Amino acid sequence: MTATVPVSSVKAALRAALTETFDSVFGMYLDKGDTMWESLDGLTAEQVSVPIYPGSNSIASQVNHMIFYFDVMAQYMRNDPPKERPDWGLAWKLVEVDEEQWAELKRALAERQAELYMLIDDSPDEIFADPDVLGGTYGIVAHTAFHLGQIKHAKAAQGLG
Amino acid sequence: MSNELWKAAILKSIDESYDGTSGVYLDSGTNTLTELRALTGEQATKVLPGAGNSVANQVKHLLTTVQMHRPQFEGGEYPDLDWGADWDTVPLTDEEWADLVNQFAATRELLKGWIAQPTVAEDADYVAAAIMVVAHMAYHIGQIRHAAGYAANA
């Protein structure tokens with residue numbers, strides 16, 4: 001007989017990893033103070049517009065890219081995959097932002113975070129039996145953690161801790 | 001959900017963290033091991049101003065973390081690990097750096113073996129530990145790629 005785990009266990013693990021990534025460290029993989037929102041809050045538009053080295057991206061670019069990625073993955077989770085290949089380069093074109101744009105980026109990221117939680121919680125269990133959906137959901141965790149690492153490093157490069 | 005299904009997603013993420021991309025979370029054309037092997041010992045130990053650590057420090061930290069994962073998947077006592085030593089900024093020769101990268105490369109099959117082993121059904125802790133491996137690895141791969149870009153371009 002094939003061994004199984006309840007979908008609820010997989011969902012709980014995904015939610016735990018995302019909660020630690022965005023909001024609250026409880027010892028899964030981050031050090032205290034290193035969550036996404038703790039890393040982003042308090043940064044100015046000027047600080048998030050600095051490339052780590054000439055020609056590279058900025059923290060604003062990273063956040064814009066995460067929003068773009070969430071939007072693409074959400075389509076897969078709704079079983080409505082994009083009709084055309086996403087232009088991933090588009091989001092990276094944004095490097096510099098003003099305070100208004102930076103506030104809007106943070107608002108949009110928070111909105112995507114809430115939407116993602118809703119999709120994980122409310123999607124029927126059968127959806128997660130699709131390897132693309134399940135893999136995509138794990139991908140969101142890895143992708144967000146990856147860019148959190150880059151944001152942390154970009155902050156450190158500016159002496160911002 | 002079958003164990004094979006959720007484990008396949010984890011194993012794919014682990015593979016992508018080391019080399020090649022399969023659309024899980026890294027940009028097409030990214031290859032962590034190739035990028036690490038392209039660095040010299042001097043580049044790999046170049047300390048990023050502000051961060052106080054280098055690519056080599058990040059790789060050492062990932063190696064130590066794998067030791068920490070062992071009891072999660074194999075059982076037994078948690079080892080007494082010197083986490084602080086990973087962050088000592090010491091120079092490495094090209095040979096020492098190549099050896100470190102090879103040690104890191106070898107952890108892929110170890111991690112995959114732990115994930116793939118038969119498990120007790122409905123073991124929620126095991127599922128959480130597996131996703132922790134992926135998230136932690138991705139977090140540091142993010143820092144490694146940034147630090148490697150800095151080291152190669154600064």
Side-chain angles (χ1 to χ4, degrees), chain A residues 1-10 12-14 16-18 20-21 27-30 34 52-57 62 65 69 88-89 92 125 128-161, chain B residues 1-14 16-17 22-28 30 48-53 58 65 83 118-154:
Chain A
M1 192 179 78
T2 305
T4 62
V5 295
V7 174
S8 59
S9 293
V10 174
L14 287 164
L18 287 166
E20 173 139 332
T21 304
M28 199 171 190
Y29 76 98
L30 291 175
D34 282 346
I52 187 171
Y53 53 84
S56 71
N57 57 62
Q62 302 268 346
H65 169 72
Y69 178 93
W88 293 102
W92 291 114
D125 288 358
F128 290 90
D130 179 336
D132 288 340
V133 171
L134 184 65
T137 315
Y138 277 105
I140 290 173
V141 172
H143 186 261
T144 311
F146 175 87
H147 286 289
L148 175 58
Q150 297 215 315
I151 287 167
K152 180 180 164 62
H153 227 238
K155 280 182 68 177
Q158 293 185 60
L160 299 171
Chain B
M1 177 183 298
S2 75
N3 274 340
E4 286 74 18
L5 185 61
W6 72 264
K7 285 182 179 186
I10 295 282
L11 295 175
K12 204 169 164 183
S13 301
I14 290 175
E16 188 160 309
S17 295
S22 51
V24 178
Y25 76 98
L26 292 175
D27 291 340
S28 177
T30 303
L48 181 75
N53 62 66
Q58 299 277 344
T65 305
W83 294 95
T119 50
V120 178
E122 302 188 10
D123 188 338
D125 288 346
Y126 195 89
V127 178
I131 201 165
M132 176 184 165
V133 169
V134 169
H136 183 261
M137 179 78 77
Y139 177 68
H140 286 284
I141 295 292
Q143 296 193 45
I144 284 171
R145 295 206 65 234
H146 239 189
Y150 167 79
N153 290 281

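Everything numeric here is computed off the predicted structure, so don't read it as measured data. Just so it is clear: chains get the letters A, B, ... in the order the sequence lines come, proteins before strands, and each one is counted from 1.
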Can you tell me which portion of [X] sits under 4.5 Å from chain A's heavy atoms? Options are side chain, backbone, both or neither.
X        : answer
B/Ala135 : both
B/Ile144 : neither
B/Leu48  : side chain

Sub-4.5 Å side-chain heavy-atom contact between [X] and [Y]:
X        : Y        : answer
A/His143 : A/His65  : yes
B/Tyr25  : B/Ser17  : yes
A/Val141 : A/Leu18  : yes
B/Met137 : B/Ile14  : no
B/Leu26  : A/Phe146 : yes

Most contacts with chain A, counted as non-hydrogen pairs under 4.5 angstrom, among [options]:
options                              : result
B/Ala129, B/Ala130, B/Ala51          : B/Ala51
B/Met132, B/Lys12, B/His146, B/Glu16 : B/His146
B/Gln58, B/Gln143, B/His136          : B/Gln143

Select one option (side chain, backbone, both, neither) describing which atoms of [X] are under 4.5 Å from chain B's heavy atoms.
X        : result
A/Phe128 : both
A/Ala142 : both
A/Val10  : both
A/Leu160 : neither

Pair A/Thr21-A/Tyr29, side-chain donor/acceptor within less than 3.5 Å:
yes
Residue, of A/Ala157, A/Ala154, A/Ala156, that accumulates the most heavy atom pairs under 4.5 Å with chain B:
A/Ala156
Would you please test B/Thr65 and B/Val133 for side chain to side chain contact (heavy atoms under 4.5 Å, CB included) and show each step?
CA-CA 9 Å; B/Thr65 305; B/Val133 169; over 6 Å; no
Of all heavy-atom pairs between A/Pro131 and B/Leu5, which one has the smallest distance, and what is that distance?
CG-CD1, 3.9 Å
